[in-house]
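Note sheet for the following structure.
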There are 2 protein chains.
Amino acid sequence: MILKKYNKNQEISVAIDCVIIGYDQKKLSVLLFQRQVEPFKGSWSLLGEVPDAKTSMDKSAQDIIYKLTGAKDIYLSQLKTYGDLDRDPLERVISIVYYSLIRVDVFKKIDLKKYNAKWFDLNEVPEIILDHNQMINDAVSKLREIAKTKPIGFRLLPKLFTLPQLQNLYECLYSNGFDSRNFRKKILSSGFLKKTNIKDKSSSRKGAFLYSFIDSNQFVEEKTKDTNIKDVFEF
Amino acid sequence: MILKKYNKNQEISVAIDCVIIGYDQKKLSVLLFQRQVEPFKGSWSLLGEVPDAKTSMDKSAQDIIYKLTGAKDIYLSQLKTYGDLDRDPLERVISIVYYSLIRVDVFKKIDLKKYNAKWFDLNEVPEIILDHNQMINDAVSKLREIAKTKPIGFRLLPKLFTLPQLQNLYECLYSNGFDSRNFRKKILSSGFLKKTNIKDKSSSRKGAFLYSFIDSNQFVEEKTKDTNIKDVFEF
DNA sequence: CCAAAAGTGTTAAGCATACACCCATGC
DNA sequence: GCATGGGTGTATGCTTAACACTTTTGG
C-alpha cells in the first residue's frame, strides 16, 4: 500500500540552535559565533544548523556539539522550540533549541578562531540576531530551575573541584552570594560529593580539598527522579 | 538585496500535536481521536495537524483548540518537540507538542461525535499511534511538576469549586491521598483562593463552601515568577 | 607575623507532618 | 437519630537561615 505524504509542499523550514554555556572558574559565559555569510554577516549568533533529514533532532544537536568540541559526553538537553511567525525575516523557520553545559577542561580545546567564536560573560551578552537573546535568557532560567534539583552544575566543573569553586558557580548562576557554612552543609548532605585528600593550592595558601562528583550518568538520571531529592540544590 | 534561502529542499515536515487533559470532578482524562484516514485509520491518536506556514506555532495550537472547543482562554503550553528519526514510519516528521488543560464546563460543549473523539481515563489510556503515549506521559509529568508551584490546577475546575473538589483533583494528579487538614492549610495560605458564602450541596448534606480562584491571568504569570511561592502546591 | 582564603557549629524560626473529633444536614 | 461528607487545631520533628571565629600556610 502506498500512502501519500501528509503535506507535500509544506513551507516551514527547521533549524537547530544551541545555547552553549561554559564556566571558567570565575563566571558563566555563553559561546557566540560571528556569522561569515549573509544574512546577518558579521553579527553574533548562537551556533545553528539546518538539520539533516536523516538524523534525529537529539542526535543532530549532539553532532553539532561534537563537531565543535570533539567531546561526546556533553550535557545537552532540549530547551524549547521557537515558532513565531516573523522570527526570521528571510523565510519561515522554526528553531528547535538545545542548551549545553561545557566544562572548562573541554572547552579549552575549542579552536575559537576556526569557528569565529567567542565566549561572552552571561551578564554582558551583546545584541545578537533574531530571537537568540531570548533563547539565552530562557536557557539560563531553565538552568536555574534545574540546578535546584539536579546536580547538573557539576557538568561545568573539571573532574576535581573545590567547594569554594562549586559555591562560586552557584553564586554566578543565581547572581547571589551564599553563606558558606550553609552551602557546605547542604551540598555535602546531598551525597553527590566525594572528598579526596588532595589539596588545591592554586587559589589560597591554605589550600582547599578537591572533591569529585559521584559520577555515573545513571546517578543523575535515576536517583534524581526520586522526588525526595527535590531542592537539594536550592540555597 | 535578494538572499537565497537557507535550504530549499529540506525534507523534514512539521506537525503539531495536542495533549488535551480534562477533569470531570472525579478523574483526569485525556481526549483522543479516532483517525478517519490512512495511515493508521481507526487507531486512536492525539489531536494533530499540519501547521499553516503563515501562522506562528503557538497560534496554530490555539487555533486547533479553538476549532475544537470554541474557547479562547484555554490553558495551553508547549511541552516539547519530538524529533526521533523513525517516529513516523511514513515520512520524516517532527512534532511540536502542546498540552492543554480543559475545564469541565468548557469541554461539555465539545461535539465528541463530530470529531470522533473520546475521553479516556488517564490511568487507562490505550495503545495509541506513534509516540503519542510517550507524549501523554511527558505531559502528565510536566503537569505534576508545574502544579507544585503554579496554580494551573484551577484551569481544570469550574469557576466556582469546593475544596474537596480541588483536593480530589490534586489527588488524581498525584495518584495519592492527602490529609484534608494539611491540604486546606496549605492551599488557603497560598492566597490564591477566595471564599464565597455559597454552599454547594450536590455532594453532601452539609454542603461545602464554594471558592473561586483569584483569577486574572497576570496573577498566574507574574506572581508565580517570584520564587517565594515555590512548592506552594506540593503536599 | 600577617594576609588571604578555607573550614567549622549553634540557635531560632518556620514549615511539614501526623493525627481525631465535631458539625451540619437530609432522609 | 443516623449516615454522610465537611470542616477544624495542636504537638513534633525537620529544614532553613542567620550568625563569627579559628585554621593553615606562603611570603
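Because the structure is a prediction, the values reported are computed rather than measured. Sequence lines set the chain letters: A, B, ... in the order given, protein chains first and strands last, and positions in each chain run from 1.
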N/O contacts under 3.5 Å, protein versus nucleotides 8-13 of chain D?
unit_1, atom_1, unit_2, atom_2, d
dT10(D), O4, K185(B), NZ, 2.8

Could you list, one pair per line, each protein nitrogen or oxygen that sits under 3.5 Å from a nitrogen or oxygen of nucleotides 2-4 of chain C, together with the distance?
none

* Report the C-alpha distance between K72(B) and Q62(B) in whole Å, list the side-chain angles of each, state the deciding distance to 0.1 Å, and finish with yes or no for side chain to side chain contact (heavy atoms under 4.5 Å, CB included). => CA-CA 8 Å; K72(B) 279 182 172 166; Q62(B) 274 166 35; over 6 Å; no
message = Run the side chain to side chain contact (heavy atoms under 4.5 Å, CB included) test on I20(A) and T69(A) for me, step by step, so that the C-alpha distance in whole Å, both residues' side-chain angles and the decisive distance to 0.1 Å come before the verdict.
response = CA-CA 11 Å; I20(A) 299 172; T69(A) 65; over 6 Å; no
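Taking the side chain as every heavy atom from C-beta outward, S95(B) and M135(B) approach each other to under 4.5 Å. Taking 4.5 Å as the limit, some side-chain heavy atom of L32(B) sits within range of a side-chain heavy atom of P126(B).
Comparing T162(A) and K199(B) by the nucleotide of DNA chain C whose heavy atom lies nearest to each, the residue mapping closer to the 5' end is T162(A).
D200(B) and S202(B) share a side-chain donor-acceptor pair at under 3.5 Å.
We find that CZ of F209(A) is positioned 15 Å from P of dT23(D), with the value rounded to whole Å. In this entry the distance linking CG of D200(A) with P of dG7(C) reads 10 Å, nearest Å. Summarising the geometry, the separation between CG on L166(B) and P on dG6(D) is reported as 13 Å, rounded to the nearest angstrom. As a whole-Å value, the separation of F178(B) CZ from dA18(C) P is 12 Å. For the pair F183(B) CZ and dG6(D) P, the interatomic distance rounds to 12 Å; values are reported in whole Å. Between Q167(B) atom CD and dG5(D) atom P there is a gap of 14 Å when expressed in whole angstrom units. To the nearest angstrom, C1' of dG27(D) lies 13 Å from NZ of K201(A). Atom NZ of K186(B) and atom C1' of dG7(D) are 20 Å apart (whole Å).
Residues D63(B) and K59(B) are paired through a salt bridge, judged by an N-O separation under 4.0 Å between the basic side chain and the carboxylate. One finds no salt bridge joining E124(A) and K27(A) here, because no Lys/Arg side-chain nitrogen approaches an Asp/Glu carboxylate oxygen to under 4.0 Å. Contact check on K142(B) versus D138(B) returns no salt bridge, with no Lys/Arg side-chain nitrogen under 4.0 Å from an Asp/Glu carboxylate oxygen.
With hydrogens and angles ignored, the 3.5 Å screen pairs a side-chain donor or acceptor of E171(B) with a backbone N or O of F178(B).
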